[in-house]
Colleague: 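Below is a structure I'd like to ask you about.
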Amino acid sequence: MKLCRFKNKSGQVCIGLVVDDSTLLDPTPAGITQLQPLLESDNPVAQLDQIAKKNLPRVALAEVQLCAPVERQEIWAAGVTYLRSKTARMKESDFSANAYDKVYAAERPEFFFKSLAEKVVAPGETVGIRRDAKWNAPEPELALVLNSKGKIVGHTIGNDMSSRDIEGENLLYLPQAKIYTGSCALGPWIQLGADEAAARNWKIRLNIRRNGESVFAGETSVGQIKRRFEELASFLFRSQVFPYGAVLLTGTGIVPPETFTLQERDMVEIEITGIGWLRNTVKVV
Ligand code: DO4
Ligand code: MG
């Protein structure tokens, strides 16, 4: 079951149940107008299966504008959860190499705050590259959707846009490398009902197009993530409350070469099999 947010013809944000590649059901007549009560319920999939049996309006997916699938959750990100991320980061930064090496092996994972929900970039909108950065890359990541009790209720696709030269210069610059206008995209929807064993079989693919041509393509598997999802979720919720739940990006396993940097108007396409595609163009911010 896939759950999205979309703008209807009058500009009102509604919840959508994705029935197939081309159709949404609008559960507004059944009183479903927000994600949060569904994500907090004991069994959202069963609840939505019942709702989907009702005679709900059908909407063509191609005709609606999808919104990011978040409401008031904080967006956080885990780092250095793939070997590929650790080795790439150690290479780009003499100064911080030891820190990346240690955090990959440590019991406590690395987390950083990534975005407020209202700043998240929706599918089809533009992600940002900083005008004061010289080396910019997308980070295609599986995102865990957590309710206020810290339970993983779904998965979506995240793009943890990063200014690699700023991060590489000094790890204390991480917030500037990671948090700026357009630095976090999520979507296209929340995939409910998959457990960790199923999600670990999903592939993550990144394709970057420039003037219609592919200029970088890479692939990894969710199964390469070193830490268990429950472990990440329980660390995030240690000594911290999230009244509206949280979204946790789980780190990147695809790192373009040092010779590659994003440019304005590039198209970033991220696929996670089992979820779908998240596509955004790039602009300088
Ligand atoms: O340690 C810095 C950030 C790491 C990160 O974003 C990742 O591994 O995905
Ligand atoms: Mg990342």
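Order of appearance sets the numbers: ligands from 1, and atoms from 1 within every ligand. The residues of the chain are indexed from 1 along the displayed sequence.
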Colleague: Minimum heavy-atom separation for Val64 and Phe6, please, with both atom names.
Modeller: CG1-CD1, 3.7 Å

Colleague: Should Glu167 be listed as contacting ligand 1, given a heavy-atom distance under 4.0 Å as the test?
Modeller: yes

Colleague: Please state which protein non-hydrogen atom is closest to atom 6 (O) of ligand 1 and give its distance, to 0.1 Å?
Modeller: Lys178 NZ, 2.7 Å

Colleague: Quick check on side-chain contact (heavy atoms from CB on, under 4.5 Å): which of Thr220, Thr273, Ile254 does Arg205 satisfy it with?
Modeller: Thr273

Colleague: Does an N or O from Glu139, backbone or side chain, lie closer than 3.5 Å to an N or O of ligand 1?
Modeller: yes

Colleague: Pull out every atom of ligand 1 sitting under 4.0 Å from any heavy atom of Phe112, numbered as shown with elements.
Modeller: 3 (C), 6 (O)

Colleague: For atom 1 (O) of ligand 1, what's the nearest protein heavy-atom neighbour? Residue, atom name and distance, please.
Modeller: Glu110 OE1, 2.8 Å

Colleague: Identify the heavy atoms of Arg200 and Ser221 that sit nearest to each other, and give their distance.
Modeller: O-OG, 3.6 Å

Colleague: What atoms of ligand 1 come closer than 4.0 angstrom to any heavy atom of Asp160?
Modeller: 6 (O)

Colleague: Identify the protein heavy atom lying closest to atom 4 (C) of ligand 1, giving its residue, its atom name and the separation to 0.1 Å.
Modeller: Arg89 CZ, 3.3 Å

Colleague: With a 4.0 Å heavy-atom cut-off (strictly under), which part of Leu174 contacts ligand 1: side chain, backbone, both or neither?
Modeller: side chain

Colleague: List the steps, then state whether side-chain contact (heavy atoms from CB on, under 4.5 Å) holds for Leu142 with Ile275.
Modeller: CA-CA 9 Å; Leu142 177 71; Ile275 304 181; 3.7 Å; yes

Colleague: Out of the N/O/S atoms in Asp160, what is the name of the one closest to the Mg ion (ligand 2)?
Modeller: OD2

Colleague: Over all heavy atoms of both residues, which pair between Ser115 and Lys119 is shortest? Give the atoms and the distance, please.
Modeller: OG-CB, 3.6 Å

Colleague: Can you tell me which N/O/S atom of Glu139 has the shortest distance to the Mg ion (ligand 2)?
Modeller: OE1

Colleague: Any idea how Phe260 and Phe216 line up, ring-wise: parallel (<30°), tilted (30 to 60°), or perpendicular (>60°)?
Modeller: tilted

Colleague: Hey, what do you get for CZ (Phe235) to CZ (Arg227), rounding to the nearest 0.5 Å?
Modeller: 7.0 Å

Colleague: For Ile157, run the side-chain contact (heavy atoms from CB on, under 4.5 Å) check against Ile204, Leu278, Leu249, Ile190 and tell me which one passes.
Modeller: Leu278

Colleague: With heavy atoms only and a cut-off of under 4.0 Å, state how Leu171 meets ligand 1: side chain, backbone, both or neither.
Modeller: neither

Colleague: Please find the pair of heavy atoms, one from Ile51 and one from Ala30, that lie closest to each other, and give the distance.
Modeller: CG2-CB, 4.2 Å

Colleague: Could you tell me, atom by atom, which parts of ligand 1 come under 4.0 Å of a heavy atom of Val80?
Modeller: 1 (O), 4 (C), 7 (C), 8 (O)

Colleague: Restricting to N/O/S, name the atom of Glu141 that gets closest to the Mg ion (ligand 2).
Modeller: OE2

Colleague: Check whether any N or O atom of Gly251, backbone or side chain, sits under 3.5 Å from an N or O atom of ligand 1, and answer yes or no.
Modeller: no

Colleague: When you compare ligand 1 with Tyr100, is there at least one nitrogen or oxygen pair between them that comes in under 3.5 angstrom?
Modeller: no

Colleague: Using heavy atoms and a 4.0 Å limit, tell me yes or no: is Tyr82 in contact with ligand 1?
Modeller: no

